[in-house]
Amino acid sequence: MFTVSHTILRITFAGFLLNSKTGKVEIKTTCGIAILQTPFFLIAHAMALAFGLPTDGFSFYYQLLMMIGAVFYYTLALFS
């Protein structure tokens, strides 16, 4: 069985946990942020396709819509 020392996990796998019962590495977070950002990503993807920009997820429209999404959810949280 493959085991990983706790010091290596602290340095390398900061976003993961070691399950002491099974010895497996588990993810600490869920997919919530990705689900919330999906509508904004899809809008950006459609805009990139429409305007002939790269559809790599890093062009201007992707960054702009991710920022708009963050501000949207921030504002929603302020008034809820």
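In this structure, the side chain of Ser59 does not engage the main chain of Thr55 through any donor-acceptor pair within 3.5 Å.
For Ser80, the side-chain contact (heavy atoms from CB on, under 4.5 Å) criterion is met by no residue, not counting sequence neighbours.
When all heavy atoms of Ala48 and Pro54 are compared, the pair lying nearest together is CB-O, 4.0 Å.
When hydrophobic side chains of Ile, Leu, Val, Met, Phe, Trp and Tyr are connected at separations under 4.5 Å, Phe79 ends up clustered with Tyr74, Leu78. The hydrophobic cluster containing Met67, built from Ile/Leu/Val/Met/Phe/Trp/Tyr side-chain heavy atoms closer than 4.5 Å, also comprises Leu36, Phe40, Phe41, Leu42, Ile43, Met47, Phe51, Leu53, Phe60, Tyr61, Tyr62, Leu64, Leu65, Met66, Ile68, Phe72, Tyr73, Leu76.
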